[in-house]
Amino acid sequence: MGGMSGPYVIRGSVVLPESELVWRFSRSSGPGGQHVNTSDSQVELRFDLAATDALPEVWKDRALQRLGERGRLIDGGVVSVRASEHRSQWRNRETAAVRLASLLAEASAPPPKPRRKTRIPRGINERRLREKKQRSDTKRGRSGRDWH
């Protein structure tokens, strides 16, 4: 298919394999006026994540698990993305492909490193408590109880 703006990078040197993408076009309910009733501008892009060899195995397992938990997979391991924001089918194709690539990038990303606990130095804690006490004294002094 000519005219697509090139390989859609998921992360690093891993790209969406053009040959494994399944495109479906249908009438869009999006913008387009009378034009919308005659042209198939809505794009649905499907990618069989379970069957692909384009992703490293670790990424694939991670993505399958995460997308499965979010309910983003259909028929056992196929990711589906829709786009109908634009009037032109070509722009919707672009949008769908970019959306799929970023969805896969997010889903296959390594889990964040666990947070290391840090101790607050004693001096800092003591200073905070001292300042807190001073502030409370200041405010207590403002209540006009002992005024005559």
Side-chain angles (χ1 to χ4, degrees), residues 1 3-32 36 41-148:
M1 210 30 60
M4 288 296 278
S5 67
Y8 293 97
V9 178
I10 295 175
R11 207 167 52 253
S13 59
V14 180
V15 294
L16 273 178
E18 203 74 50
S19 57
E20 295 180 32
L21 300 179
V22 181
W23 297 92
R24 278 199 17 225
F25 306 103
S26 55
R27 304 269 157 87
S28 171
S29 61
V36 91
S41 60
Q42 175 170 295
V43 172
E44 184 184 0
L45 173 57
R46 288 177 174 218
F47 175 63
D48 193 343
L49 182 58
T52 187
D53 291 326
L55 294 175
E57 206 59 40
V58 188
W59 288 20
K60 195 161 90 170
D61 294 344
R62 209 180 284 144
L64 280 168
Q65 190 194 343
R66 283 189 191 160
L67 294 172
E69 286 167 359
R70 286 193 228 156
R72 288 300 312 245
L73 297 178
I74 48 177
D75 341 317
V78 177
V79 186
S80 172
V81 176
R82 275 218 167 100
S84 59
E85 294 86 273
H86 306 294
R87 272 188 67 154
S88 86
Q89 186 193 91
W90 186 81
R91 281 177 68 192
N92 280 332
R93 290 179 63 138
E94 287 287 297
T95 306
V98 168
R99 207 173 276 168
L100 179 63
S102 68
L103 183 71
L104 289 174
E106 188 191 322
S108 64
K113 288 196 172 77
R115 183 184 177 284
R116 268 198 13 228
K117 278 188 173 177
T118 55
R119 278 202 50 215
I120 299 171
R122 209 172 99 204
I124 288 180
N125 214 13
E126 285 173 355
R127 189 178 73 199
R128 180 181 65 86
L129 293 172
R130 206 170 41 247
E131 285 171 2
K132 202 171 149 141
K133 191 163 169 42
Q134 270 179 346
R135 191 169 300 117
S136 99
D137 290 345
T138 307
K139 289 188 172 186
R140 197 176 317 113
R142 287 183 192 152
S143 78
R145 273 187 314 214
D146 342 302
W147 287 27
H148 295 293

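In this chain, numbering begins with 1 at the start of the sequence shown.
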Sort and list the pairs that fulfil salt bridge (Lys or Arg N to Asp or Glu O under 4.0 Å) and have at least one residue in residues 100-117, not counting sequence neighbours. R70-E106
Output, in order, the C-alpha distance, side-chain angles, deciding distance and verdict of side-chain contact (heavy atoms from CB on, under 4.5 Å) for L100 and L21. CA-CA 10 Å; L100 179 63; L21 300 179; 3.9 Å; yes
For [X], check side-chain hydrogen bond (donor to acceptor under 3.5 Å, both in side chains) against everything at least two apart and list the hits.
X: R119; value: none
X: R66; value: none
X: D48; value: none
X: E126; value: R122

Report the distance from atom [atom1] of [X] to atom [atom2] of [Y], rounding to the nearest 0.5 Å.
X: L64; Y: W59; atom1: CG; atom2: CH2; answer: 14.0 Å
X: T95; Y: H86; atom1: OG1; atom2: NE2; answer: 3.0 Å
X: Q42; Y: E85; atom1: CD; atom2: CD; answer: 9.5 Å
X: R82; Y: R99; atom1: CZ; atom2: CZ; answer: 11.0 Å
X: S80; Y: F47; atom1: OG; atom2: CZ; answer: 13.0 Å
X: K133; Y: T138; atom1: NZ; atom2: OG1; answer: 11.0 Å

Count the heavy atoms belonging to other residues, nucleotides or ligands that lie under 6.0 Å from CG of L129, then report whether that count exceeds 12.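 Yes, because the 6.0 Å sphere around CG of L129 holds more than 12 heavy atoms from other groups.
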At their closest point, which heavy atom of [X] faces which heavy atom of [Y], and how far apart are they?
X: K60; Y: A50; result: NZ-O, 3.3 Å
X: L104; Y: V79; result: CD2-CG2, 4.4 Å
X: A96; Y: W23; result: CB-CZ3, 4.4 Å

Mind checking what makes salt bridge (charged side-chain N to carboxylate O under 4.0 Å, His left out) contact with R27, not counting sequence neighbours?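 Once residues adjacent in sequence are excluded, the partners of R27 under the salt bridge (charged side-chain N to carboxylate O under 4.0 Å, His left out) criterion are D40.
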Check: N92 side chain, V43 main-chain N or O, donor-acceptor pair, under 3.5 Å: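 Between the backbone of V43 and the side chain of N92 there is no qualifying donor-acceptor contact (under 3.5 Å).
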Going by heavy atoms in the side chains, are R91 and S41 under 4.5 Å from each other? no
